[in-house]
Amino acid sequence: MDESPSRQEDEDLSSSSPHAVAVTQCDSTPLLWRVEDLRSVRSQGLVGALLGSLPRTPRQNTRLGRPLLLLPEEERLLRERRTAAAAAAPPAADQCEGGVKLRLQVQQHQEEQERSYQEQSILALEDRKSALLRAMTSSHTESGSGAADEALRGRLEGLHRSFTFPRSAMAVQLSTARAGLSYCPEARAFLQADGPIRGQDKSCCTARYQVFKDLRGRGFYLTSAGKFGGDFLVYPGDPLRFHAHFIAVCLSLDECLCLLDVLAVTRLGSNVKKTVLLCSPGPDGRVLYTSLQWSGMV
């Protein structure tokens, strides 16, 4: 990568969705809950990480859902874009119009909930029928099970009349992260965080954000790289279609780095087939990149 100044962010505010993204702060953790918010940030090239799971299948990593956990840098970029858009936007519409829009949204949500309940009721009934049919099939293979077979057939015939699907059993998505949900003041104080775990000083957070903004402005997608020993994983396109090409490590220009740390992260990058980038924001706003690749030791 060259060291030329980054081009303007992808059409910046002109490409930003007019939809207002509602970021919920759980202590210092930014979360997104609404589907339209997830769609909006994804259209802006922000990825995040899904945390929620269904009560019946908790922590199934292939089926995670809302909420979406944002990186601190993603949340800050959204906040800056929202501030800039608010400054350039015309005066707000009449409050009465906003109230009517809110009531329509509430009504639409209630209708969607009712439709979802009806769909889940049908699916639950079909699931119960399938279970009874499987039990009847297995009973046919056993000798002397005529009474049990008649009982199962009676339950199957009366299922339509007796089956009820409680609303409390509807599939809902819950956050599996409990940070900030405790009523104990000591627990909340312990979980409170003002910045990323790595480096609590503001200079480190500023460097990370400058690197994030610069790489995003170049068209790359970024996610957290904690398990790879870096700050960001850098993708050439949507992470659903591409593998990461780089592991970005954010450093200030005057920060000393131990040679063993350089060897360790470079070796790790070689093992996972990624190039390590040392990213250092300069005083003029430019970000300098140094690529590291493992070629062996003498």
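- The CG atom of Leu268 sits 12.5 Å away from the CG atom of Leu263 when rounded to the nearest 0.5 Å.
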message: Would Gln107 and Leu104 count as a side chain to side chain contact (heavy atoms under 4.5 Å, CB included) here? Give the steps.
response: CA-CA 5 Å; Gln107 181 180 359; Leu104 290 177; 4.2 Å; yes

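- Residues Leu68 and Leu70 have side chains in contact (heavy-atom distance under 4.5 Å, counting atoms from C-beta outward).
- The number of heavy-atom neighbours closer than 6.0 Å to CZ of Arg128, taken from other residues, nucleotides and ligands shown, is 12 or below.
- Residues Val272 and Phe242 do not share a hydrophobic cluster, defined by chaining ILVMFWY side chains whose heavy atoms lie under 4.5 Å apart.
- Residues Ile122 and Phe165 have side chains not in contact (no heavy-atom distance under 4.5 Å, counting atoms from C-beta outward).
- Leu32 and Ala22 make their closest contact through CD2-O, 3.3 Å (heavy atoms, listed as atom of the first residue, atom of the second, distance).
- With rounding to the nearest 0.5 angstrom, the CG atom of Asp214 is 10.0 Å from the CG atom of Leu222.
- None of Glu112, Gln120, Glu119 except one satisfies the side-chain hydrogen bond (donor to acceptor under 3.5 Å, both in side chains) rule with Ser116; the exception is Gln120.
- Ring geometry, Phe212 versus Phe232: the interplanar angle falls from 30° to 60°, so the pair is classed tilted.
- Counting heavy-atom neighbours within 6.0 Å of Gln293 CD, excluding the residue itself, gives a total of 12 or less.
- For the pair Glu73 and Arg216, the salt-bridge criterion is not met [side-chain N within less than 4.0 Å of a carboxylate O].
- Not a single donor-acceptor pair under 3.5 Å links the side chain of Thr275 to the backbone N or O of Phe246.
- Here the shortest heavy-atom pairing between Arg42 and Pro239 reads NH2-CD, 3.9 Å.
- The existence of a salt bridge linking Glu111 and Arg115 is excluded, since no basic side-chain nitrogen approaches an acidic carboxylate oxygen closer than 4.0 Å.
- Smallest separation of non-hydrogen atoms from Pro283 and Leu253: CD-CD1, 4.0 Å.
- The CZ atom of Arg34 sits 11.5 Å away from atom CZ of Arg39, with the distance rounded to the nearest 0.5 Å.
- The shortest non-hydrogen separation linking Cys279 to Ala248 is SG-CB, 3.8 Å.
- Rounding to the nearest 0.5 Å gives a distance of 10.0 Å between CG of Asp261 and OG1 of Thr266.
- Contact of the Gln44 side chain with the Arg81 side chain is registered, since non-hydrogen atoms from C-beta on lie closer than 4.5 Å.
- Note that CZ of Arg79 is 10.0 Å distant from CG of Leu77, once rounded to the nearest 0.5 Å.
- At least one donor-acceptor pair under 3.5 Å links the side chain of Asp231 to the backbone N or O of Cys250.
- A single hydrophobic cluster is seen to contain both Val276 and Val262, as judged by linkage of ILVMFWY side chains at heavy-atom distances under 4.5 Å, directly or through other members.
- Ser40 places no side-chain N or O within 3.5 Å of a backbone atom of Glu36 that could act as its donor or acceptor partner.
- Side-chain atoms of Leu31 and Leu69, non-hydrogen and from C-beta on, do get closer than 4.5 Å to each other.
- Note that CG of Leu277 and CG of Leu215 are 7.5 Å apart. Values are rounded to the nearest 0.5 Å.
- In terms of modelled atom types and a separation under 3.5 Å, the side chain of Ser121 and the main chain of Tyr117 share a donor-acceptor contact.
- Of all heavy-atom pairs spanning Pro30 and Glu75, the tightest one is CB-CG, 3.6 Å.
- Connection of Val35 to Leu78 is not established within any shared hydrophobic cluster, with ILVMFWY side chains joined at heavy-atom distances below 4.5 Å, either directly or through further cluster members.
- In summary, the side chains of Glu114 and Gln118 do present a donor paired with an acceptor at a separation below 3.5 Å, with no hydrogens or angles considered.
- Looking at heavy atoms from C-beta onward, Leu233 lies in side-chain contact with Lys274 at the 4.5 angstrom threshold.
- By the 4.5 Å heavy-atom criterion applied to side chains, Leu292 and Val249 are not counted as neighbours.
- Here the closest non-hydrogen pair linking Glu74 and Val47 is OE2-N, 3.1 Å.
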